[in-house]
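Letters go in sequence order (proteins before strands), and every chain restarts at 1. When reading the values below, keep in mind they use all heavy atoms of this one structure, side chains included, and skip hydrogens, waters and symmetry mates.
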Number of protein chains: 2
Amino acid sequence: MRHDPMKGRSVTGRVLAVLESFSADRTHLSLSDISRRTGLPLATAHRLVGELAAWGALERDDQGRYRVGLRLWEVAALAPRGLGLRELALPFLEDLYEATHENVQLAVLDGAEVVYVERISGRHAVGVLSRVGGRWPAHATGVGLVLLAHAPTEVQESFLTSPLAAFTRKTIVDPARLRRVLAEVRRTGVAVSDGQVTLDAVSVAAPVRGPAGQVVAALSIVVRAGTIEPPTLVPAVLTAARGISRAIKQAS
Amino acid sequence: MRHDPMKGRSVTGRVLAVLESFSADRTHLSLSDISRRTGLPLATAHRLVGELAAWGALERDDQGRYRVGLRLWEVAALAPRGLGLRELALPFLEDLYEATHENVQLAVLDGAEVVYVERISGRHAVGVLSRVGGRWPAHATGVGLVLLAHAPTEVQESFLTSPLAAFTRKTIVDPARLRRVLAEVRRTGVAVSDGQVTLDAVSVAAPVRGPAGQVVAALSIVVRAGTIEPPTLVPAVLTAARGISRAIKQAS
DNA sequence: CGGATCCTTCCATTCAGCGGAAGGGCCGTA
DNA sequence: TACGGCCCTTCCGCTGAATGGAAGGATCCG
């Protein structure tokens, strides 16, 4: 009898487990690493990894370690909610970036987290922890507040009944307070997130809408706290967000 | 006896076939589409697609059609030769873009083709056919000429003995002429590609080097033919390319 | 309303996938 | 130089995950 999590697991499931064994802080893994992280026996991992490498989903470097391959990135680049969205948005992100040289981000909601689809950062802009392809709990980000505010009610309720992670003393962790913040976001049309992820950053975010008016993404600018008054950033963020919404509509 | 291309094909191979059934001009596919394009029986396609969708490699839209999912994009975003390279390069690409507002591209070589890892295009810049995540035959592009010029000899020989596709009357299709062009690229350090993909575009490309000095990518600017003399673009392109090379070295 | 096409589900059969074991290679240390 | 530890590769008898034809329901369109 097998006493491992992979027992009875499909081949597809194992293949996907291999792919998800890579992370932002572990982009290069040995075969043994992959075996350990997935729970797959070495011989099994070897076979699956070999097939993925032959196709290009994985690549092997000079030290024999594996990394996510270009071929997988090419296929994944066809994701409408990933690069597809980013392609349409980029001119407007560039506009906002050139006007401010601050951090400009585009994100979508996935479950209880935002996934960053794009980020352009100025050299002197305040440091941000977001990473393209990375995730963050929605409640603690400007883009996340916008996306949650416009999410279906059941998504919001599910979120509000789960524990809210704190990153700084300013992170919103009280569900009642979060409800009020989300209502305010819906009312004003923008979210301001001050010091929720790092104390020195404040962001202003606005919704990006799909053809039917539904919110499909959110755009934000992140600046150093105490440098620019957030309300002064609202017109520019709204302008860029509306431009992206228009581009999405025209692409439908 | 099975009379289909999938007979004897591994599950991993079938899963990858499902993923590669999507293309830039077919980002949304029905289950039957996927079955036809992969050669998989409907029931088999249904099972595999269901597992991929459950994990997030595929998503299903409101009309029941499938598209590449965000989760796959997230994993693929960890590809060092994809977004990894792009993240390091972006500040320099932005510099070049802001200085010129023309098309700025970053590409890597994969076999006989270049894969575009990044592209920033100005609104009024000449139209380009490249697409992030897309491929193009190396010989017909500025970035490709740079990458081929610095590729291992066997890669170059293999390329030169294969038929060279023509896209315009200016596309280099004569192997002897291509040899001379590649030698010139090595000598001068940059490639100028004039009208090879479209007659109205001319590009200037320079190599991006890895920690050991090897050429790992190429950067280019693409402008409207007859507007800016290519040699005047060389310093800016070289500056940006060297900046990226330095960033790569520092990240190692 | 009927034909065409799509999608979902079932299940008897089968062969692709499994993974423990063995062996070779590499590296670091005594 | 030798040895221990760890990594990677390969083998192969066994078995259960995968298979896909068939059936049935749903949807769309002329």
- Separation of atom CG in B/D33 from atom C1' in C/dT5, rounded to whole Å: 12 Å
- From C/dT8, C/dC18, D/dC8, pick the nucleotide closest to the side chain of A/V11? C/dC18
- Task: Could you tell me the separation between the CG atom of B/L40 and the P atom of D/dA18, rounded to a whole number of Å?
- Result: 14 Å
- Query: Does B/R14 place a side-chain N or O at less than 4.0 Å from the phosphate oxygens OP1/OP2 of D/dG20?
  - Reply: yes
- Out of C/dC7, D/dC8, C/dG17, whichever nucleotide has its closest atom nearest the side chain of A/R47: C/dG17
- Please tell me which of A/L42 and B/L48 maps to the more 5' nucleotide of DNA chain D, matching each residue to the nucleotide holding its nearest heavy atom. A/L42
- Does B/V68 reach the side chain of B/T27, with side-chain heavy atoms less than 4.5 Å apart? no
- So what does A/R36 touch, heavy atoms closer than 4.0 Å: a base, only the sugar-phosphate, or nothing? sugar-phosphate
- Query: What nucleotide, of D/dT9, D/dT19, C/dT9, holds the atom closest to the side chain of B/H46?
  - Reply: C/dT9
- Nearest-nucleotide check on DNA chain C, B/A43 vs A/E51; residue mapping nearer the 5' end is B/A43
- Item | NE2 on A/H28 to CD on A/E59, rounded to 0.5 Å | 9.0 Å
- Query: Between C/dG17, C/dG20, D/dA18, which nucleotide has the shortest distance from any of its atoms to the side chain of A/P41?
  - Reply: C/dG20
- Message: From CD1 of A/I34 over to P of D/dT9, roughly how many Å is that when rounded to an integer?
- Response: 11 Å
- Reckon B/T44 touches a base, only the sugar-phosphate, or nothing at all at heavy-atom distances under 4.0 Å? base
- Message: Would A/E118 and B/R86 count as a salt bridge (Lys or Arg N to Asp or Glu O under 4.0 Å) here? Give the steps.
- Response: CA-CA 11 Å; A/E118 181 59 285; B/R86 182 249 182 212; 2.5 Å; yes
- Query: So what does A/R65 touch, heavy atoms closer than 4.0 Å: a base, only the sugar-phosphate, or nothing?
  - Reply: nothing
- Measure centre to centre between the rings of B/W136 and B/F167, then say whether the value is under 6.0 Å. yes
- Task: Provide, to the nearest angstrom, the distance between the CD atom belonging to B/Q63 and the P atom belonging to D/dT27.
- Result: 14 Å
- How about B/D25: does its CG atom have over 12 heavy atoms from other parts shown lying under 6.0 Å from it? yes
- Message: Output the rounded distance in Å from CZ (A/R9) to P (D/dG16).
- Response: 18 Å
- Within the structure, does a side-chain N or O atom of B/S32 lie under 4.0 Å from either OP1 or OP2 of C/dC7? yes
